Q: 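I'd like to ask you about the structure that follows.
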Amino acid sequence: MEYTVKSGNPEKQRIGCVVIPVYASRKLSTSARIIDKVSNGYISNLVRRGEIEGDLGNILLLHNVENTLCDRILLIGCGKEKNIDAQTFYKINHTMVETLQTSGATEIASYLTEISVKRKDISWKVQHSIEAINETLYHFNQLKSEKSETRRPLRKFIFSVNGRGQLMQGEQAVRRGMAISTGINLAKDLGNMPGNICTPDYLAKQATKLATQHNKLETSILEEKDMEKLGMGALLSVSKGSREAGKMIIMQYAAGKKSQAPVVFVGKGVTFDSGGISLKPGAGMDEMKFDMCGAASVIGVISACAELQLPVNIIGIIPTVENMPDGIASRPGDVVTSMSGQTIEILNTDAEGRLILCDALTYAEKFEPDVVIDIATLTGACIVALGAHPAGLLSNHNPLVNDLLSAGQNSGDRCWQLPLWEDYQDQLKSNFADMANIGGKGAGTITAACFLSRFTKKYHWAHLDIAGVAWKSGSHKGATGRPVGLLTQYILDRCKDC
Ligand code: BES
Ligand code: MN
Ligand code: ZN
């Protein structure tokens, strides 16, 4: 898809379709009033007759409107003008794309950028229009033998900006929107790829391939024998139950000053989580191919930052394994020694995410990070607590919490803090090792984070539990690419100071 910005009146656009907002109670937007005027009141007549009310989701497609140069005008209802927030702006763009896809138009001029969205500027609106369009157009067709092709696919969007003053901002927003969408789509593709294809080795190859596309990015892989030498007994206790070899993928994006301490992202990469010997129930088990969405989001955010050539240092660490039951798989009751030296009693082999993350978090120390953020589809309990809207956020450093909450608000890819109080640590007590890998009844998301916190004492750290947001179930089953938007925004915000 091609995206550009342009300033100019809607009636002067010689193009397939011009998209114009209309607000609730039949209130015309600025661009709607301009069209109305040149067409001798055509729009206000239609509105008066009740052809479109302006409620959110209303549409009206018009052809050959008098004194305009475009083939079509699409009026889109936006609801109450004063009520438009980021989520509503997304829905408006989504409706636009769904309608245009069957309209025959291929090149579009969107005036939805004139809508005022609470606390957002023109850059935000251009960037998020692009993200919404790409989100709506995404399909995972790689594994279908017949590719369904749209006869006249959308080719180009031009976003209206106000005068030349906004052109530069708009162009920068286009670059951001495209880079973030590319990162999100990459994360979705990796997430949607089934476990028989998307193995630890496949993830390693994809991360390696990404490094060939960006000169400041390098990828290296720790194999099982390397991890044995490092004493990563927790990770290896999970990977040994699978025929697929476990790996630790290290991605280094170095575009900041040498002296600048890196941001480290650690992504859970369980390419399939059967539960191991503590086998999961059968229903919905296919969705455990998405248990590597944390890993996918790390690859996605690094792709976006590298594409934007942001002047930062980022390390991606991806512990990746398959969790399977096998003759040599770990049993409940086994005790293993992590890289940190702390011992862990595995009371449930299905709590495998924390076992691979803890060794990756210890390994992260060697990069002398400014902050470490891990991203993991870690607990079903997080879905119970927060549902599918925000990711769970737990951290040992309040400034980092504030930065992530605000990046979430800004990007629309939100997170919400849960407490990481000492009081919960007791739940991890084991009679046979330094700790158990499960916390028993209650607060499953928090006790999982408590477990991780025992490996992150040496640096500022945040944990994002993305179990509820990384994919959708049901008829729209598929990876969402979250939280690539949140984390890229977090890095962009940091760039303001560098
Ligand atoms: N990958 C799962 C968490 C999960 C489950 C995410 C369902 C999304 C949907 C994780 O490895 C897991 O199995 N966690 C267990 C932990 C429990 C054994 C303490 C869980 O949440 O049930
Ligand atoms: Mn599990
Ligand atoms: Zn898991």
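Computed from a prediction, not measured in an experiment: that's the story for all the values here. The figures that follow rest on heavy atoms only: side chains count, while hydrogens, waters and symmetry mates do not. First listed ligand is number 1; within each ligand, the first listed atom is number 1.
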Q: Mind checking whether Asn323 contacts ligand 1 via backbone (N, CA, C, O), side chain (CB onward), both or neither, at a 4.0 Å heavy-atom cut-off?
A: neither
Q: Is Asp291 close enough to the Mn ion (ligand 2) to have an N, O or S atom under 2.8 Å?
A: no
Q: So which bit of Lys268 gets within less than 4.0 Å of ligand 1, heavy atoms only: side chain, backbone, both or neither?
A: side chain
Q: Restricting to N, O or S, what is the name of the atom of Asp291 that lies nearest the Zn ion (ligand 3)?
A: OD2
Q: Any protein heavy atom sitting closer than 4.0 Å to atom 11 (O) of ligand 1?
A: yes
Q: Is the closest side-chain donor-acceptor distance between Glu287 and Ser473 under 3.5 Å?
A: yes
Q: Are Asp434 and Arg454 ion-paired here, with the side-chain N under 4.0 Å from a carboxylate O?
A: no
Q: Could you please compute the angle at the Zn ion (ligand 3) from OD2 of Asp273 to OE2 of Glu352, rounded to 10°?
A: 90°
Q: What do you reckon, does Glu287 put a non-hydrogen atom under 4.0 Å from ligand 1?
A: no
Q: Report, in ascending order of atom number, the atoms of ligand 1 lying under 4.0 Å from any heavy atom of Ile383.
A: 8 (C), 9 (C)
Q: For the Mn ion (ligand 2), find the closest N/O/S atom on Asp273 and give its atom name.
A: OD2
Q: Salt-bridge test for Glu365 and Lys457: reply yes if a basic N is under 4.0 Å from a carboxylate O, no otherwise.
A: no
Q: Would you say Ser411 and Gln489 are linked by a side-chain donor-acceptor pair, where the criterion is simply a distance under 3.5 Å?
A: no
Q: Looking at ligand 1, does Trp471 have a heavy atom less than 4.0 Å from it?
A: yes
Q: Answer yes or no for Lys188 and Tyr138: cation-pi contact, defined as NZ/CZ to six-membered ring centre under 6.0 Å and angle to ring axis within 45°.
A: yes
Q: Any sub-3.5 Å donor-acceptor pair from Asn437's side-chain atoms to Asn348's backbone N or O?
A: yes
Q: Closest non-hydrogen protein atom to atom 4 (C) of ligand 1, residue and atom name please, with distance?
A: Gly380 N, 3.8 Å
Q: Which residue owns the protein heavy atom closest to atom 15 (C) of ligand 1, what's the atom, and how far is it?
A: Asp350 O, 4.0 Å
Q: Is a donor on one side and an acceptor on the other found under 3.5 Å between the side chain of Arg482 and the backbone of Ile466?
A: no
Q: Measuring from non-hydrogen atoms of Thr447 to any atom of ligand 1, is the shortest distance under 4.0 Å?
A: no
Q: Does Asp426 pair with Lys429 as a salt bridge, N-O distance under 4.0 Å?
A: no
Q: Tell me: protein heavy atom nearest atom 2 (C) of ligand 1, and distance?
A: Asp273 OD2, 3.6 Å
Q: Is there a donor-acceptor contact under 3.5 Å from the side chain of Glu322 to the main chain of Thr271?
A: no
Q: List every atom of ligand 1 that sits less than 4.0 Å from any heavy atom of Glu352, numbering the atoms from 1 in the order shown and giving each element.
A: 11 (O)
Q: With no hydrogens and no angle check, is any side-chain donor or acceptor of Asn410 less than 3.5 Å from a backbone partner on Ser406?
A: no
Q: Suppose we measure from atom 14 (N) of ligand 1 to each protein heavy atom; which comes out shortest, and what is that distance?
A: Leu378 O, 3.4 Å
Q: Provide, to 0.1 Å, the distance between atom 5 (C) of ligand 1 and the closest protein heavy atom, together with that atom's residue and name.
A: Met288 CE, 3.7 Å
Q: Do me a favour and list the nearest non-hydrogen protein atom to atom 18 (C) of ligand 1 with residue, atom name and distance?
A: Asn348 ND2, 3.5 Å
Q: Checking only N/O/S atoms, does Gly353 have one that is under 2.8 Å from the Zn ion (ligand 3)?
A: no
Q: To the nearest 10 degrees, calculate the angle at the Mn ion (ligand 2) involving OD1 of Asp350 and OE1 of Glu352.
A: 120°
Q: Return the closest protein heavy atom for atom 6 (C) of ligand 1 as residue, atom name and distance.
A: Ala467 CB, 3.6 Å
Q: For ligand 1, is there an N or O atom under 3.5 Å from any N or O atom of Lys280?
A: yes
Q: Which residue owns the protein heavy atom closest to atom 19 (C) of ligand 1, what's the atom, and how far is it?
A: Ile438 CG2, 3.5 Å
Q: Do the side chain of Glu131 and the main chain of Tyr90 share a donor and acceptor less than 3.5 angstrom apart?
A: no
Q: Taking atom types as modelled, find out whether Thr219 and Thr208 have a side-chain donor-acceptor pair closer than 3.5 angstrom.
A: no
Q: So Met1 and Leu154, side chain to side chain contact (heavy atoms under 4.5 Å, CB included) or not? Walk me through it.
A: CA-CA 7 Å; Met1 187 73 66; Leu154 295 167; 3.7 Å; yes
Q: Under 4.0 Å between a Lys/Arg side-chain N and an Asp/Glu carboxylate O for Asp493 and Lys496?
A: yes
